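For reference, the structure discussed in these notes is given below.
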Amino acid sequence: MNKKSIPQHIAIIMDGNGRWAKMRGKERYEGHIAGVESVRAVVRAAVKHGVSWLTLYAFSTENWGRPTEEVEAIMELFCRTVVGEAPELCRQGVRVKIMGEKERFSAKVLEMIGRIEDETASGDRLTLVLAFNYSARREMILAAQQLAREVAEGNITADAIDEAMFSERLMTRSIPDPDFIIRTSGECRLSNFLLWQASYAEFYFPETLWPDFGEEAFADALEVYARRDRRFGLVTE
Ligand code: IPE
Ligand code: IPE
Ligand code: MG
């Protein structure tokens with residue numbers, strides 16, 4: 001595969017943990033625990049293949065509506081994993097950024113977010129963006145509110161608002177748009193993920209459940225991407 005056919009930014013909707021657990025007669029949270037191994041594998045593979053940005057959808061704003069025990073298990077798993085993985089992520093040159101609204105998190109989760117971002121800040125091979133309490137619609141509403149405030153304060157005019165100005169007020173400011181969006185488990189929907197940024201992304205919906213998605217599945221996905229013809233509304237000569 002040549003360099004051009006490797007996506008600069010891959011975003012993954014990690015889905016199917018609950019079904020994976022259910023198929024094995026386990027509790028849903030055990031599926032989430034198994035999913036962490038896939039996160040490790042995919043991060044390794046992304047570094048190996050020279051991907052610069054990897055965004056993983058780990059928890060949507062809608063996911064707060066799940067049973068309390070499951071939400072608590074996910075928060076706990078997040079804290080535990082974040083602390084444990086920092087040294088290995090640093091070794092691989094991975095910088096971690098958490099993307100989502102921070103308001104609803106416990107003090108402990110907030111502390112872990114601060115720690116992992118600080119400890120990995122110098123990573124320069126891959127930026128791993130974890131979408132955690134993320135909602136694309138909410139993100140766009142916040143950007144609209146910000147622009148409205150700036151107009152009211154007289155700092156910008158309404159007519160001056162363009163795509164670049166809107167993009168700069170999203171949570172993904174300074175992150176390139178995803179080239180390739182993968183959703184595991186066979187579901188073919190975005191579930192409120194990167195709605196603005198996905199405008200020209202390529203999509204791939206493998207049947208594989210997230211805990212079964214590893215380095216090989218990642219390499220297969222790269223092959224799929226390499227065969228796509230991205231036209232951006234133009235014509236290929
Ligand atoms: C994805 O797996 C992980 C999160 C949403 C946190 P699910 O928990 O949605 O698994 P399924 O879709 O129920 O199988
Ligand atoms: C989307 O998966 C959110 C994450 C993977 C974190 P869900 O399982 O929550 O989405 P729906 O409910 O199937 O659309
Ligand atoms: Mg799901």
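Counting starts at 1 for both ligands and their atoms, following the listed order. The structure presented is a predicted model; accordingly, all values stated were derived computationally and were not measured. Start at 1 with the first residue, then count along the sequence.
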Could you tell me whether [X] and [Y] have a side-chain N and a carboxylate O separated by less than 4.0 Å?
X: R80; Y: E76; answer: yes
X: E85; Y: R40; answer: yes
X: E215; Y: K48; answer: yes

query = Would you say W20 and ligand 1 have an N/O pair spaced under 3.5 Å apart?
reply =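 For ligand 1, there is no N or O atom that lies under 3.5 Å from one belonging to W20.
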query = So is N63 polar-close to ligand 1, meaning N/O to N/O under 3.5 Å?
reply =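 Between N63 and ligand 1, no N or O pair is found under 3.5 Å apart.
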For [atom], what's the nearest protein heavy atom and its distance?
atom: atom 1 (C) of ligand 1; answer: M14 O, 2.9 Å
atom: atom 5 (C) of ligand 1; answer: R66 NH2, 3.4 Å
atom: atom 10 (O) of ligand 1; answer: G18 N, 2.9 Å
atom: atom 13 (O) of ligand 2; answer: R189 NH2, 2.8 Å
atom: atom 6 (C) of ligand 1; answer: A58 O, 3.3 Å
atom: atom 2 (O) of ligand 2; answer: R183 NH2, 3.5 Å
atom: atom 14 (O) of ligand 2; answer: S191 OG, 2.6 Å

ask   = Given the rule in the side chain to side chain contact (heavy atoms under 4.5 Å, CB included) test, do L170 and Q197 qualify, once you have shown the distances and angles that lead to the verdict?
value = CA-CA 10 Å; L170 293 172; Q197 300 84 344; 3.8 Å; yes
Side chain to side chain donor-acceptor pair (under 3.5 Å) evaluation trace for R138 with T61 = CA-CA 9 Å; R138 179 75 185 142; T61 302; over 6 Å; no
message = What verdict does the side chain to side chain donor-acceptor pair (under 3.5 Å) test give for S199 and D177, after you've listed the backbone C-alpha separation in whole Å, the side-chain angles of each residue and the deciding distance to 0.1 Å?
response = CA-CA 8 Å; S199 293; D177 284 345; over 6 Å; no
message = Counting only heavy atoms not in E216 (residues, nucleotides, ligands), do more than 12 fall under 6.0 Å from its CD?
response =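 12 or below, so no.
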query = Is it true that atom CD of E153 has more than 12 heavy atoms of other residues, nucleotides or ligands lying nearer than 6.0 Å?
reply =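 Enclosed.
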message = Does the residue G16 have a heavy-atom contact with ligand 1, meaning some pair of atoms that are separated by less than 4.0 Å?
response =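 For ligand 1, residue contact (heavy atoms, under 4.0 Å) with G16 is present.
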query = Heavy-atom contact under 4.0 Å between R28 and ligand 1?
reply =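 For ligand 1, residue contact (heavy atoms, under 4.0 Å) with R28 is present.
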query = Heavy-atom contacts under 4.0 Å between F59 and ligand 2: side chain, backbone, both, or neither?
reply =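 The answer is the backbone.
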query = So, E187 and the Mg ion (ligand 3): N/O/S under 2.8 Å, yes or no?
reply =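 E187 does not place any N, O or S atom closer than 2.8 Å to the Mg ion (ligand 3).
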message = With no hydrogens and no angle check, just 3.5 Å: does a side-chain donor-acceptor pair link S167 and W196?
response =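 A donor-acceptor contact under 3.5 Å links the two side chains.
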request  = With heavy atoms of R19 as the reference, note each atom of ligand 1 found under 4.0 Å away.
outcome  =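 Once the distances to R19 are compared, the set is 11 (P), 12 (O), 14 (O).
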Ligand-side contact atoms (ligand 2) for residue partner I13, heavy atom cut-off under 4.0 Å =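 Selected atoms, number and element: 5 (C).
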task = Measure up the F105 and W64 rings against each other and bin them: parallel (under 30°), tilted (30 to 60°), perpendicular (over 60°).
result =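 The arrangement is tilted - the two ring planes meet at 30° to 60°.
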task = Taking atom 8 (O) of ligand 2 as the reference point, report whether a protein heavy atom occurs under 4.0 Å from it.
result =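 So atom 8 (O) of ligand 2 has protein heavy-atom neighbours under 4.0 Å.
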message = Among the N, O or S atoms of D15, which one sits nearest to the Mg ion (ligand 3)?
response =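 Checking each N, O and S atom of D15, the shortest distance to the Mg ion (ligand 3) belongs to OD1.
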message = Tell me if the centroids of the rings in F59 and F78 come within less than 6.0 Å of each other.
response =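 They do not qualify: ring centres at least 6.0 Å apart.
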